[in-house]
Amino acid sequence: MCGIIGYLGDREATPILMESLKRLEYRGYDSAGVAVLADGAGADRRTSVTKSETKVDVLIEKLQANMPTGKLGIGHTRWATHGKPTYVNAHPHTDCHQRIYVVHNGIIENFAELKSELEAKGHEFTSDTDTEVVPHLIEANYKGDFLAAVRAALKRLRGAYAMAMFSTDDPELLVGARLNAPLVVGLGEKEYYVASDITAIIPYTKRVLVLGEGEVAAVTPLGPQVYTLDGHTVKPKLIHVDWDVTQAQKGGYPHFMLKEINESSEAVANAMRGRLTDDGAVSFREFDVPDEDLKKYREVLLLGMGTSLHAAMIGEQVIEDWAGIPARAEDASEFRYRRPTFGKHTLGVVITQSGETADTLVGLHQAKERGALTVAITNVVASSAARDADGAIYLNAGPEIGVASTKTFLAHLMSLYLLGLRLATVNGRVSLERRDEIVKALRALPGQVDELLARNKEIAELAHRYSKYRNFMYTGRGLGYPVGLEGALKLKEISYIHAEGTTGGELKHGPIALLDDQFPVVAICTASSTKDKMVSNVHEIVARNAPVLALITEGDKSLDGVATDVFEMPEVEEAAAAILNSVMLQLFAYHVAVELGQNVDQPRNLAKSVTVE
Ligand code: F6R
C-alpha cells in the first residue's frame with residue numbers, strides 16, 4: 001500500500017521527506033507528493049504543495065528545483081486504489097480553504113456516502129480519491145481545535161487508514177492516526193516523525209512508538225501524546241529497532257515472499273473492503289454494471305496465466321456453483337489460437353496481478369473484439385488490462401515484490417468469490433440463508449488466515465523434513481485440484497524441485513506410476529463433498545509406499561495412521577478452505593526453498609511481469 005511520512009522538528013522538513021519517500025517507494029510508486037508548512041506568522045505562513053503524477057524521482061527533481069522551507073511537513077508515495085494515478089489524485093489532499101493537509105494509506109469504505117453528505121453541505125472536491133473526504137470532514141468538524149476535529153472526523157470513517165496531517169492554524173502540531181493499517185511515531189532529538197513503516201525513518205532514529213488500532217498521536221515540539229478517538233490518553237508501546245533499510249523494507253522478515261505471505265489476511269480483507277455489505281450485496285466501483293445488464297450474461301470466460309490461471313480455475317468452479325452460469329477458465333496463451341465459441345452474452349474475466357501479461361492481454365483483446373463484456377481483476381490501477389477492459393476490479397493488495405505471487409493470488413480468489421456472489425444474486429440463484437453463510441465465511445477469513453500464519457513453525461518443521469525429496473505430486477478434488485496445482489507451481493518455481501498436480505480421480509489413470517518411497521504426495525483432503533474419495537486416494541498412494549502430507553479438516557481422524565503427516569485445517573466453506581490451504585502451501589514451498597538455500601524472492605529464469613508472448 002502507500003507510504004506516508006510526517007516530520008516536525010528543528011530541521012528543514014523537505015530534505016527529510018524526500019529521503020524518506022525514496023525509501024518508501026517500494027510500497028507504491030504511482031504518484032507522490034509533499035506539503036510543507038512555511039515558518040512565519042499570519043499571511044507568511046503558507047503551505048507549499050508539490051506533487052508528481054509519477055515516481056518519487058520526478059517529485060524530488062521538482063523539489064530540488066524549488067525547495068519549500070519549513071519545519072513541519074507530510075509526504076506520500078501512492079499505490080493507487082480509488083482514482084487513477086494522476087496529478088490531482090496524488091496526495092496530500094486538502095479541504096476547501098487549503099488549511100488542512102492529509103496523507104493517507106488505506107481504504108475509506110464509506111467515502112461515497114461521506115462525500116455526498118459533504119457535497120450537500122457545499123464542500124467542493126477536486127479528486128477521485130477516497131482520501132479527500134478526510135480533510136473535508138475535519139473541516140466540517142473544526143471549531144478551533146484541530147485535534148478534536150480530527151477525532152470527530154475519524155469516528156465517522158469505516159475501513160482502513162494510516163494518516164499524517166496538519167493544519168495551518170496549528171504550526172506546531174503534526175497528527176498521526178491509524179485503523180487497520182500500521183503507523184509508527186519515530187522519536188528523534190528535538191524532532192519527531194510519523195510514518196507508515198519504520199523503513200521511512202530508520203536512518204534518523206531507532207526509537208519508535210507503535211500506535212494501536214483507533215489511536216491518534218498528537219506530536220508537538222514537546223513530544224507525542226497518544227489518545228483514543230474518545231480523547232483518553234494511552235501509553236503506546238516503545239520499541240528499539242536495529243534494522244538496516246533493507247531489513248526494514250522487509251518488515252524484519254528475511255524475504256519479501258515471507259513478508260507478503262504474512263500480509264495475506266490484510267490482502268484478503270482489502271479485496272473485500274467496501275465491496276460487501278453485511279446482507280451480502282456486492283458492488284465494484286470500477287465495474288459498476290446494473291443488475292439488469294449483468295443478468296444478460298449467460299456464460300463466464302476466465303483468462304489468466306500461471307498463478308492467475310489457477311485463480312481462474314477456482315473462480316470457474318465457484319461461479320458455476322454459486323451463480324449457476326456456465327464458466328470456463330482458459331490458459332490465455334492458448335485461447336488466442338483457437339476459434340472459441342463465445343460472444344456478446346459472455347462475461348470475460350481477465351485475471352492478472354500485474355495487468356501487463358502479454359498472453360493475457362491478447363486474450364482480453366480477442367474477447368473484446370468478439371463482443372464480450374470484459375473486466376480485469378488486477379492489482380495495478382491503470383495497468384494495460386485495467387485500461388483495455390470495460391471494467392476493473394482492483395485487488396488493493398499493495399505492491400508484491402517477491403517474484404512468486406502469493407498475497408495477490410489470495411486477493412484474486414477473494415475478488416472472484418465476490419464476483420461469484422454478485423452474479424449469484426442478480427441471477428436469483430442463491431437463497432438468503434446460503435448468502436448469509438457465504439458472507440459469514442468470507443468475513444471470517446482474515447482472522448482465520450492470521451491463525452494459520454501463527455502456525456508457521458509447524459509448517460517450517462514439515463518443510464524441513466520434506467525438503468530432502470526431489471519430486472512432489474499434489475492432488476485434490478474440486479477446488480483442491482487447482483489449489484494443488486498452485487501449491488506445485490509455488491514449490492517448483494522457488495525451490496527448483498519437480499512438482500506436478502493431478503486430480504484425485506486422475507491419479508490412478510497414469511500419474512500413480514511415478515510414485516514410490518522417494519516421491520511424496522501432498523493430498524488436499526479438506527473438502528467435505530469429496531473428502532471420502534480423497535481418503536480412498538490416499539490409501540492408494542500409501543499402498544505405493546509414497547509419503548503423504550495430508551491437509552484435513554480438524555477433528556477428522558480418517559487418515560490417522562494412514563498419511564505420513566496430517567496438517568489440520570479449520571472446518572470452513574470450501575471456497576474459504578481454498579484460501580487457507582493455499583496459504584499453507586505457500587508457506588510450505590517457501591520453507592522448503594529456504595532449507596535448500598534458494599533465492600526465494602528472485603528465482604532463476606523468472607520475471608515478475610511477463611510482457612512478451
Ligand atoms: C507465479 C507467478 C506467475 C504469474 C503469471 C501471470 O508465482 O507469479 O505464474 O501468475 O506470470 O502474471 P499476472 O498475474 O501478472 O498476469
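Both counts, for ligands and for their atoms, begin at 1 and track the order of listing.
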When you measure from atom 8 (O) of ligand 1 to every protein heavy atom, which one gives the shortest distance, and what is it? S405 OG, 2.8 Å
Ligand 1-proximal atoms of E493, by part, heavy-atom distance under 4.0 Å: side chain
the protein heavy atom lying closest to atom 2 (C) of ligand 1 turns out to be T307 OG1, 3.6 Å
Interfacing atoms of ligand 1 (cut-off 4.0 Å, heavy-atom, G306): 9 (O)
Within ligand 1, which atoms have a heavy atom of A404 less than 4.0 Å away? 7 (O)
Answer yes or no: is there a donor N or O on one side and an acceptor on the other, between the side chain of R477 and the main chain of C525, under 3.5 Å? no
Considering both backbone and side-chain atoms of S354, is one of its nitrogen or oxygen atoms within less than 3.5 Å of a nitrogen or oxygen in ligand 1? yes
Minimum heavy-atom separation for A385 to A376, with atom names? O-CB, 3.6 Å
Would you call E461 and R465 a salt bridge, taking side-chain N to carboxylate O under 4.0 Å as the test? no
Output yes when a side-chain donor or acceptor of H345 lies under 3.5 Å from a complementary backbone atom of E299, and no otherwise. no
Would you mind listing which atoms of ligand 1 come within a distance below 4.0 Å of any non-hydrogen atom of Q353? 13 (P), 14 (O), 15 (O), 16 (O)
Distance to 0.1 Å, residue and atom name: give those for the protein heavy atom nearest to atom 11 (O) of ligand 1. V610 CG2, 4.1 Å
Report yes or no: does a heavy atom of V403 sit under 4.0 Å from some atom of ligand 1? yes
Once the angle between the rings of H498 and F519 is folded into 0 to 90°, is it parallel (under 30°), tilted (30 to 60°) or perpendicular (over 60°)? perpendicular
Has K55 got a side-chain atom pairing as donor or acceptor with E25's backbone, closer than 3.5 angstrom? no
Atom 12 (O) of ligand 1 - nearest protein heavy atom and its distance: T357 OG1, 3.4 Å
If you measure from the Lys or Arg side-chain nitrogens to the Asp or Glu carboxylate oxygens, is any gap between E260 and K407 under 4.0 Å? no
So is H412 polar-close to ligand 1, meaning N/O to N/O under 3.5 Å? no
Which one of K490, E356, M305 has a non-hydrogen atom at the shortest distance from atom 5 (C) of ligand 1? M305
Between F588 and Y474, ring centroids under 6.0 Å: no
